[in-house]
Structure formats: C-alpha cells, structure tokens
Amino acid sequence: MFHRILALPAAVCLPVLVPSLAVGQQPEQAVYTFVAEWSVPRAQWADFSSFWEKNAKPVLDRMVAGGTLLEWGRSVAVVHTEEGATHSSWWSATTLAGTQRVLEELLKIPPSPAMTGTRHRDYLLRSLVYRVRPGLASSGYFQLSYTQVQPGKGRQWRELWDKYMKPTLEQLLADGTIAGYGIDVEHVHTRSAGGRYSWVFVPNAEALDKVEAAFEAARGNVTPEAGRGIAAAFAEVTVPEAHRDTLERVVDYVHR
C-alpha cells in the first residue's frame with residue numbers, strides 16, 4: 001500500500017512503514033488516512049494515470065486548499081508482486097468526516113475505461129506516529145513495512161521501536177534526508193488487529209542509500225551480542241513470518 005502509499009533497511013535486522021506534521025510536533029489530534037489501491041494491467045498504466053491527473057487531482061488539490069485535507073499523494077509500485085497493487089493514492093484528514101467528504105466527491109467522477117479489469121481495495125488508517133517536514137518533497141519514494149504484533153504486546157513493541165528506531169529517524173528528518181516517517185494502524189480492520197504499518201518518505205533515490213547507511217551506522221554502535229538481543233526482543237513481540245515490505249515511487253505529494 002502506498003500511503004503511507006513505506007520500511008526500513010533489512011540490514012537493520014529490525015522490523016520497520018503518507019505523513020503531515022511539522023518537525024517538533026506530535027499528533028495531538030487524530031489523523032486518519034484513506035488509502036485506495038489498484039492492480040492495473042500493464043497496457044492501461046498510461047491511460048489510468050492520465051485519467052487520475054485530469055479528474056481526481058483537481059478534487060484533492062481543492063480539498064487541501066480548502067482545509068478539508070492535510071495532504072494527499074499518489075504512488076506506483078517499484079517492487080511488483082503477482083497479487084499486489086500497481087497504483088495507490090491516499091488522502092489524510094484530522095476527522096473521519098474529512099476523509100469521507102473527499103471520497104464522496106471522487107465517487108462522483110464517471111468511471112474510466114482505463115479502470116476496466118483492475119482489482120481494487122481500500123484501507124482506512126489511523127496514525128500512531130505522524131512526522132513530516134512540509135515542503136521538503138513533492139515526489140520521491142515511500143518505504144512501507146507491515147509488522148504483526150502479538151496480542152497484548154503492543155506496548156512492548158512500541159517501546160522497542162521508540163528506543164531503537166525513532167532516534168535515527170528523528171536525526172534523518174532533522175537533517176532533511178527524509179521527508180517524513182510514521183506508524184499507522186487500521187482504523188477499520190481488514191487484516192490482523194495487531195498490524196503496524198511503519199513508513200518512511202524520502203525525496204529521492206539517493207536518500208534510500210543514506211537511510212540504509214544511517215541504520216548500518218547505528219547497528220555498528222552496538223556489540224554483536226547486543227544486536228542479537230535487540231533482534232530477539234522484537235521477535236518475541238511480533239509474528240516474524242507475517243512481515244512484508246513495500247517500495248513505491250511517489251509521483252505526486254501535496255501537503256497543506
């Protein structure tokens with residue numbers, strides 16, 4: 001999924017998953033994100049994108065300008081899977097009513113022949129962590145990791161994430177390497193109730209390598225024994241085989 005259509009480097013050996021608060025702020029109010037995903041046949045990609053640019057983009061831009069939305073974005077998959085989505089879009093608001101107002105406007109658009117044969121699914125997410133530097137990027141890449149936390153162990157997982165992942169992400173956000181990061185959960189559950197979507201939004205492909213290097217350096221600051229202990233601690237509170245990663249190219253991103 002895109003929103004928030006992203007994951008941290010596999011080299012970190014820790015599970016790590018679009019964004020809208022200024023640096024230094026915490027989400028004092030709820031932030032909800034509606035995500036729409038499509039699996040579009042390859043021959044229809046160009047027509048699908050053209051239809052979106054002409055019809056959906058003006059609606060979303062108007063909703064951001066009018067204050068209904070905090071942000072919206074659109075992305076395409078970089079690493080494809082047989083059953084996975086090829087195109088995603090999302091929009092975020094501080095109220096559920098805001099997300100639905102946008103959906104109602106988009107549903108007024110007549111369907112396009114470019115959508116024939118596509119598969120579609122939605123997510124309605126709520127942010128646990130929502131950090132972004134507005135204006136830093138209007139496109140880039142989105143890395144998303146899905147982690148399933150074991151029942152009753154959400155607090156332990158979050159404490160581990162805050163201790164071992166957040167400091168590096170905060171530094172990368174402060175120096176402008178990344179445009180945002182966060183953690184989302186499903187507000188309307190369509191997967192496991194323990195699912196966590198950890199994401200990182202970077203402004204360009206070069207930043208992907210910088211994020212990788214930053215976590216490599218952080219890992220190098222602990223002994224091998226300590227590193228194994230950290231990995232074991234995460235494994236004890238998650239379902240390792242449920243972990244999945246997504247890499248997407250963000251084509252459009254607009255933040256209020």
Side-chain angles (χ1 to χ4, degrees), residues 1-6 18-22 27 29-78 84-127 130 132-142 144 179-180 182 184 187-188 199 201-204 246 248-256:
M1 155 189 125
F2 52 62
H3 170 71
R4 249 79 121 116
I5 17 83
L6 316 176
V18 246
S20 293
L21 292 179
Q29 56 185 348
V31 176
Y32 300 98
T33 299
F34 195 96
V35 180
E37 294 184 340
W38 292 272
S39 297
V40 182
R42 179 65 180 88
Q44 295 165 211
W45 284 8
D47 289 342
F48 184 88
S49 294
S50 295
F51 176 80
W52 176 271
E53 287 285 332
K54 180 179 179 180
N55 296 280
K57 185 178 186 298
V59 173
L60 292 163
D61 282 341
R62 185 174 73 251
M63 290 295 182
V64 170
T68 299
L69 291 180
L70 292 172
E71 67 171 17
W72 73 267
R74 180 169 68 98
S75 63
V76 295
V78 173
T86 59
H87 297 71
S88 300
S89 59
W90 75 90
W91 51 92
S92 301
T94 57
T95 64
L96 291 168
T99 66
Q100 297 310 297
R101 179 182 172 191
V102 174
L103 182 60
E104 290 168 2
E105 290 298 309
L106 291 174
L107 289 175
K108 294 177 182 178
I109 302 172
S112 164
M115 302 178 76
T116 302
T118 62
R119 297 193 310 275
H120 173 72
R121 75 154 294 166
D122 298 321
Y123 296 86
L124 182 55
L125 306 174
R126 175 173 53 84
S127 293
Y130 201 68
V132 144
R133 291 189 61 173
L136 187 62
S138 59
S139 61
Y141 289 85
F142 189 74
L144 174 70
D184 292 341
H187 186 71
V188 175
W199 52 267
F201 178 30
V202 301
N204 50 55
T246 300
E248 302 183 15
R249 181 169 58 86
V250 178
V251 180
D252 292 302
Y253 176 70
V254 176
H255 187 283
R256 190 169 69 202

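What's counted below: heavy atoms across the whole structure, side chains too, no hydrogens, waters or symmetry copies.
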**OP:** Return the minimal non-hydrogen interatomic distance between Ala85 and Ala77, and the atom names on each side.
**Re:** O-CB, 3.5 Å
Original post:
So, do Pro41 and Thr118 sit near enough that their side-chain heavy atoms are less than 4.5 Å apart?
Top reply: yes
Subject >> Minimum-distance pair of heavy atoms, taken over all atoms of Ala179 and Ala137 >> reply: CB-CB, 4.0 Å
**OP:** Calculate, to the nearest 0.5 Å, the distance between atoms NE2 and CZ belonging to His255 and Phe201 respectively.
**Re:** 10.5 Å
Original post:
Is there side-chain contact between Leu124 and Leu96, with at least one heavy-atom pair below 4.5 Å?
Top reply: yes
**OP:** Could you grab the distance from atom CG of Leu69 to atom CZ of Arg101, nearest 0.5 Å is fine?
**Re:** 9.0 Å
Original post:
Any side-chain heavy atom of Leu103 sitting closer than 4.5 Å to one from Gln100?
Top reply: yes
Original post:
Does a side-chain heavy-atom distance below 4.5 Å link Leu60 with Trp52?
Top reply: yes
Subject >> Side-chain heavy atoms of Leu70 within contact of Thr94, under 4.5 Å >> reply: yes
Subject >> Check: Phe34 and Ser92 side chains under 4.5 Å, non-hydrogen atoms >> reply: no
**OP:** To the nearest 0.5 angstrom, please state how far the OG1 atom of Thr99 sits from the NE2 atom of His187.
**Re:** 9.0 Å
Subject >> Residue Arg249 excluded, over 12 heavy atoms near CZ under 6.0 Å >> reply: no
**OP:** Check the side chains of Trp38 and His87 for a donor-acceptor pair under 3.5 angstrom, ignoring hydrogens and angles.
**Re:** no
Subject >> Exercise: do Thr33 and Tyr123 side chains pair donor with acceptor under 3.5 Å >> reply: no
Subject >> Close side-chain approach of Met115 to Gln44, heavy-atom, < 4.5 Å >> reply: no
**OP:** Without swapping roles, check the side chain of Ser139 against the backbone of Asp252 for a donor-acceptor pair under 3.5 Å.
**Re:** no
Subject >> Residue pair Val102, Thr68: steps toward the side-chain contact (heavy atoms from CB on, under 4.5 Å) verdict >> reply: CA-CA 8 Å; Val102 174; Thr68 299; 4.3 Å; yes
**OP:** State, with a plain yes or no, whether a side-chain heavy atom of Val132 is found less than 4.5 Å away from one of Tyr253.
**Re:** yes
Original post:
How far apart are the C-alpha atoms of Asp61 and Trp72, what are their side-chain angles, what is the distance that settles it, and do they pass the side-chain hydrogen bond (donor to acceptor under 3.5 Å, both in side chains) test?
Top reply: CA-CA 8 Å; Asp61 282 341; Trp72 73 267; 2.9 Å; yes
Original post:
Atom OH in Tyr32, atom OG in Ser127: separation rounded to 0.5 Å?
Top reply: 10.0 Å
**OP:** For Ser49 and Ala46, indicate whether the former's side chain and the latter's backbone hold a donor-acceptor pair under 3.5 Å.
**Re:** no
Original post:
Under a 4.0 Å N-O cut-off, is there an ion pair linking Arg74 with Glu53?
Top reply: yes
Original post:
Would you say the side-chain atoms of His120 pair up with the backbone N or O of Glu37, donor to acceptor, closer than 3.5 Å?
Top reply: yes
**OP:** Measure the OH-CG distance between Tyr141 and Asn204 for me, rounded to the nearest 0.5 Å.
**Re:** 8.5 Å
**OP:** Give the intermediate values and the outcome of side-chain contact (heavy atoms from CB on, under 4.5 Å) for residues Glu248 and Thr246.
**Re:** CA-CA 7 Å; Glu248 302 183 15; Thr246 300; 3.2 Å; yes
Original post:
Can you check whether Val40's main-chain N or O pairs, donor with acceptor, with Trp45's side chain at less than 3.5 Å?
Top reply: yes
Original post:
How long is the span from the NZ atom in Lys108 to the CG atom in Asn55, to the nearest 0.5 Å?
Top reply: 14.5 Å
